[in-house]
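Single-structure report; data block below.
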Amino acid sequence: MNIPCILIPILVGLICGILGYLLGKMNSKNDDSLSASLQADLDACKANTRNLNAKIATLEADLAAKTKASVQSFATAPADIVFDAGLAANVLGKKIKENDLKIVEGIGPKIEALFNASGINTWYELSQASTEKMQSILDAGGENYAMHNPSTWAKQALLAYQGKWQDLKEWQENLLGGKE
């Protein structure tokens, strides 16, 4: 038997094993620093996300407060407004009944019936209802009603209540199915 033929592969294997072990140790030190660097980046991203979420919450609260204030500002109406059916018919070009919710762009007979069943029977009551309340009434009516967007209905109802027929007509001409 030839001893060098056996000894050489064993020595080469042993040297490769030692080199592999040493290289692995050196790379593991780099992995620790890479891991620490990635952890620091992750912590910075989490902190940034918390800050952005706090800003979003603040902006949403501000928006809700301003929306509520704007709805209240246009929803305050004088108590004694007399309905003039002749003027309404002249401006809108059709006969209008007092407190007919169907003159609001986007409200038809079935939605009017839903609102009437929920206690909203007049233009003034509709103008005082929040968009969220109107949407909950629509959602309760089923999926055929839930798809409607009542965001402009309160303002339209207020214009009708106040007898501002020309303003209502001009605004409705710019709406698409009751949506801006």
Side-chain angles (χ1 to χ4, degrees), residues 41-180:
D41 287 345
L42 178 62
D43 292 339
C45 287
K46 285 180 179 179
N48 190 26
T49 301
R50 282 191 297 272
N51 290 338
L52 290 175
N53 284 337
K55 277 185 179 178
I56 289 171
T58 304
L59 291 172
E60 285 176 342
D62 290 347
L63 178 63
K66 287 181 181 179
T67 302
K68 186 176 181 182
S70 69
V71 167
Q72 288 175 348
S73 69
F74 77 75
T76 54
D80 294 329
I81 296 178
V82 178
F83 174 66
D84 185 354
L87 177 62
N90 285 337
V91 172
L92 298 178
K94 59 184 178 181
K95 186 176 178 181
I96 303 295
K97 294 180 184 175
E98 186 172 10
N99 294 316
D100 182 6
L101 300 183
K102 295 184 297 293
I103 68 157
V104 172
E105 178 89 16
I107 295 181
K110 293 180 181 179
I111 293 177
E112 180 182 40
L114 275 178
F115 283 149
N116 290 341
S118 298
I120 298 176
N121 298 302
T122 66
W123 294 323
Y124 183 74
E125 291 169 347
L126 184 61
S127 73
Q128 296 299 303
S130 68
T131 302
E132 292 80 18
K133 179 179 179 182
M134 289 185 274
Q135 189 64 55
S136 68
I137 292 169
L138 293 172
D139 291 343
E143 65 182 39
N144 290 337
Y145 302 104
M147 66 183 184
H148 290 83
N149 180 358
S151 61
T152 64
W153 295 356
K155 187 171 181 183
Q156 291 182 64
L158 181 63
L159 291 173
Y161 173 73
Q162 292 174 338
K164 297 181 179 178
W165 302 110
Q166 189 61 42
D167 293 344
L168 178 62
K169 180 181 179 183
E170 289 171 3
W171 194 35
Q172 284 181 340
E173 287 172 354
N174 295 322
L175 296 177
L176 179 62
K179 295 181 248 179
E180 289 188 282

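When a residue number appears, it is its place in the shown sequence, counting from 1.
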statement: dist N48:CG -> D41:CG (nearest 0.5 Å) comes out at 12.0 Å

message: Which label fits Y124 and Y161: parallel for a plane angle under 30°, tilted from 30 to 60°, or perpendicular past 60°?
response: tilted

message: Quick one about Q135 and D139 (side-chain donor to acceptor, distance below 3.5 Å, no hydrogens or angles considered), yes or no?
response: yes

task: Determine the interplanar angle of the F115 and W153 rings, folded into 0 to 90°, and report it as parallel if under 30°, tilted if 30 to 60°, perpendicular if over 60°.
output: perpendicular

- prompt: Does the side chain of Q156 pick up a donor-acceptor pair with the side chain of E105 at under 3.5 Å?
  reply: no

message: Within this structure, what is the CD1-CG distance for the pair I111 and L138, rounded to the nearest 0.5 Å?
response: 5.5 Å

- prompt: Is it true that atom NZ of K133 has more than 12 heavy atoms of other residues, nucleotides or ligands lying nearer than 6.0 Å?
  reply: no

field: Expected output: side-chain W123 to main-chain D100 donor-acceptor under 3.5 Å
entry: yes

statement: d(L126 CG, M134 CE) to nearest 0.5 Å is 5.5 Å

message: Counting only heavy atoms not in E143 (residues, nucleotides, ligands), do more than 12 fall under 6.0 Å from its CD?
response: no

query: Say you draw a straight line from CD of Q162 to CG of D167; how long is it, rounded to the nearest 0.5 Å?
result: 9.0 Å

- request: Report the distance from atom CG of L168 to atom CD1 of I96, rounding to the nearest 0.5 Å.
  value: 8.5 Å

- request: Could you tell me which non-hydrogen atom of L101 sits nearest to which non-hydrogen atom of E112, and how far apart they are?
  value: N-OE2, 3.2 Å

